[in-house]
Amino acid sequence: MAMGQSYQEQLEYIGDLNQLMSLREGVLSGGFQDGVRVMDVDNGGNLSATVLPGRCMDIYQVRYKGKNMNYLAPCGIVAPEYYDAQGTRWLRNFFVGMLTTCGLQHFGNPQTKNGEELGLHGRIANTPAENVKYARGLRGEIPTLTLEGTMREARIFGENLTLHRKLEFVHGEDSILLTDTITNHGFGNRQVLYALHLNYGYPLLEEGCKLILDSEETTPREENAAKYLSSWQQIEAPQYPYPERCYFHKLRQDADGMVQYTLFNEKRGIGVNVRYSGEDLPFFCQWKMLGKGEYVMGLEPMNVFLDGPKVDEPGCAAPILGPGESKTYQARLNFIDHI
């Protein structure tokens with residue numbers, strides 16, 4: 001807010017609240033994106049974001065100080081009716097973006113269970129939201145804007161789950177507070193898998209960008225990643241070919257059980273800091289994919305080990321929701337110009 005001006009005083013200067021903090025809603029047209037619902041937010045400061053209610057309320061793009069912060073895949077935005085659960089065909093719909101949600105009954109490598117195809121990273125990212133709404137409010141004298149929507153993952157003879165997502169923006173505060181609540185509406189216990197596939201790209205991500213990650217233990221996912229274990233923290237220039245490298249990290253928790261990481265580009269003066277509960281999301285995967293045209297780093301908190309046993313398999317450590325029970329996850333994305 002302007003120095004010395006209260007919210008009520010600022011109202012004397014404006015005709016519409018979009019002058020302070022704007023929201024635009026629409027439906028995309030043309031190609032594979034046709035029919036996907038979209039919401040664009042500008043926080044009146046340095047932050048703008050594109051949220052897709054037509055795709056799980058995921059965050060397609062964030063710009064900070066006018067600069068793009070995440071990777072965008074060549075497939076673009078793809079409507080959920082094109083989703084194919086077979087094998088790795090999920091990648092045909094994977095716009096990557098700032099956030100793609102994984103779960104709720106599967107993530108990781110594809111598998112078939114009881115005759116059902118469980119494709120790469122599950123179904124939830126291709127689920128459109130219902131009961132979508134937004135609300136303007138005040139935090140003291142500061143305007144806020146909250147987006148909400150609910151995704152349903154359910155079938156007869158199977159799971160009956162919802163994911164309710166709330167995204168909170170504050171005027172002039174360059175952060176997004178994400179709150180996800182998963183509820184089991186069934187009459188039996190149900191395990192739930194959940195991961196935040198957060199993905200960074202150019203111009204934030206480029207050679208020399210700093211990755212600040214307090215890793216107590218780092219494990220390469222496979223042989224190729226193991227060859228480059230000593231350089232997991234380095235951001236190199238684009239290469240071709242570049243087989244992806246994945247590393248599993250055990251992140252250090254602070255006294256409150258929180259963990260955080262920072263990605264910062266000193267040359268451009270832009271970065272992101274992400275903070276969340278290490279108790280709720282104790283597992284973490286670094287997806288290092290620095291290929292030409294496929295230049296992205298995913299830094300992904302999750303509630304169970306990516307390559308571990310899945311729902312209903314012996315040893316699966318995923319949280320169990322009893323009938324009517326809910327579990328809430330929260331993460332704050334802070335966009336920064338210094339560290």
Side-chain angles (χ1 to χ4, degrees), residues 41 43 45-51 56-65 67-72 96-103 107 125 147 165-170 173-180 194-206 209-216 218 232-233 235 246-266 268-289 296-304 306 328-339:
V41 176
N43 79 335
N46 299 308
L47 187 68
S48 62
T50 298
V51 177
C56 189
M57 298 290 292
D58 276 339
I59 305 171
Y60 177 67
Q61 187 173 31
V62 168
R63 287 189 178 275
Y64 173 64
K65 295 191 172 183
K67 295 182 172 62
N68 174 71
M69 301 295 279
N70 58 270
Y71 179 74
L72 298 173
V96 186
M98 175 56 68
L99 170 63
T100 294
T101 310
C102 300
F107 62 50
L147 314 183
R165 173 160 290 167
K166 182 162 67 171
L167 296 166
E168 297 177 67
F169 299 84
V170 177
E173 187 177 290
D174 299 323
S175 72
I176 303 171
L177 179 62
L178 175 147
T179 305
D180 280 347
Y194 171 85
L196 297 174
H197 209 304
L198 292 157
N199 314 286
Y200 306 99
Y202 180 85
L204 167 62
L205 189 74
E206 61 183 340
C209 186
K210 291 181 179 177
L211 173 59
I212 303 167
L213 192 67
D214 197 353
S215 180
E216 294 181 321
T218 302
W232 67 262
Q233 209 164 0
I235 314 297
C246 288
Y247 300 96
F248 299 122
H249 296 278
K250 181 182 177 185
L251 299 188
R252 188 183 306 278
Q253 297 184 20
D254 67 16
D256 298 320
M258 303 296 286
V259 301
Q260 63 175 326
Y261 65 79
T262 299
L263 196 61
F264 189 73
N265 187 321
E266 196 166 1
R268 298 182 185 272
I270 54 174
V272 62
N273 170 265
V274 177
R275 182 174 165 82
Y276 59 90
S277 167
E279 295 174 7
D280 288 340
L281 298 168
F283 297 89
F284 188 88
C285 180
Q286 176 195 6
W287 173 44
K288 189 176 178 183
M289 181 60 235
V296 54
M297 180 169 289
L299 298 171
E300 310 161 35
M302 50 193 68
N303 70 351
V304 72
L306 179 66
T328 296
Y329 297 93
Q330 197 168 71
R332 182 177 289 278
L333 284 65
N334 296 306
F335 298 90
I336 56 177
D337 57 12
H338 65 277
I339 50 174

Could you check if a side-chain atom of D337 sits within less than 4.5 angstrom of a side-chain atom of N46, using non-hydrogen atoms only? no

Look up atom OH in Y200 and atom CG in L211, then write down how far apart they are to the nearest 0.5 Å. 10.0 Å

Could you verify whether a donor N or O on one side chain and an acceptor N or O on the other, from T100 and H197, lie under 3.5 Å apart? no

For S277 and E279, run side chain to side chain donor-acceptor pair (under 3.5 Å): C-alpha distance rounded to whole Å, both residues' side-chain angles, the deciding distance at 0.1 Å, then the answer. CA-CA 5 Å; S277 167; E279 295 174 7; 5.0 Å; no

Write down the atom of R332, the atom of L177, and the distance for their closest heavy-atom approach. NH2-CD2, 3.7 Å

Is the side chain of D214 donor-acceptor paired with the backbone N or O of Q260 at a distance under 3.5 Å, no angle test? no

Is there a side-chain contact between N68 and Q61 (heavy atoms, below 4.5 Å)? yes

Rounding to 0.5 Å, atoms OH (Y202) and NZ (K67) come to a distance of 10.0 Å

More than 12 heavy atoms of other residues, nucleotides or ligands under 6.0 Å from CD of E266: yes or no? no

Any donor-acceptor pair under 3.5 Å linking the side chain of N273 with the backbone of T262? no

Find the distance between CG (L99) and CG (L196) and round it off to the nearest 0.5 Å. 5.5 Å

Side-chain heavy-atom pair D254, R275 within 4.5 angstrom cut-off: yes

With heavy-atom distances below 4.5 Å as the criterion, would you say the side chains of Y194 and D280 are in contact? no

Any chance NZ of K210 has more than 12 other-residue heavy atoms, nucleotides or ligands included, within less than 6.0 Å? no

Going by heavy atoms in the side chains, are I270 and F335 under 4.5 Å from each other? no

Kindly write out the residues that satisfy ring-ring contact (aromatic ring centres under 6.0 Å, His included) with F284, not counting sequence neighbours, or none if the list is empty. Y261

Show the nearest heavy-atom pair for residues L281 and Y276, with the distance to one decimal. O-CE1, 3.6 Å

Is there a donor-acceptor pair closer than 3.5 Å between any side-chain N or O of Q286 and the backbone N or O of Y247? no

Would a 4.5 Å heavy-atom cut-off, applied to side chains only, mark I176 and V41 as touching? no

Check: C209 and L263 side chains under 4.5 Å, non-hydrogen atoms: yes

Closest approach of K166 and E168, non-hydrogen atoms and distance? CE-OE2, 3.7 Å

Rounded to the nearest 0.5 Å, what's the gap from CZ on F264 to CG on L204? Could you check? 9.5 Å

Say whether, by atom type as modelled, one donor and one acceptor occur between the side chain of D58 and the main chain of T101 under 3.5 angstrom. yes

Working to the nearest 0.5 Å, report the span between CG of L198 and CE of M297. 13.5 Å

If we check side chain to side chain contact (heavy atoms under 4.5 Å, CB included) with M98, which of these qualifies: L333, L72, T50? L333

Find the distance between CG (L47) and CE (M69) and round it off to the nearest 0.5 Å. 9.0 Å

Step by step, would you call F283 with L306 a side-chain contact (heavy atoms from CB on, under 4.5 Å)? CA-CA 8 Å; F283 297 89; L306 179 66; over 6 Å; no

If I compare all heavy atoms of F107 with all of C102, which pair ends up nearest, and what's the gap? CB-CB, 3.9 Å

Assess whether side-chain contact (heavy atoms from CB on, under 4.5 Å) is satisfied between V274 and L299, documenting all intermediate values. CA-CA 9 Å; V274 177; L299 298 171; over 6 Å; no

What verdict does the side-chain contact (heavy atoms from CB on, under 4.5 Å) test give for N199 and W287, after you've listed the backbone C-alpha separation in whole Å, the side-chain angles of each residue and the deciding distance to 0.1 Å? CA-CA 9 Å; N199 314 286; W287 173 44; 3.8 Å; yes

Verdict with reasoning, N70 to Y60, per side-chain contact (heavy atoms from CB on, under 4.5 Å): CA-CA 8 Å; N70 58 270; Y60 177 67; over 6 Å; no

Within the 4.5 Å heavy-atom criterion, are H249 and W232 side-chain neighbours or not? yes

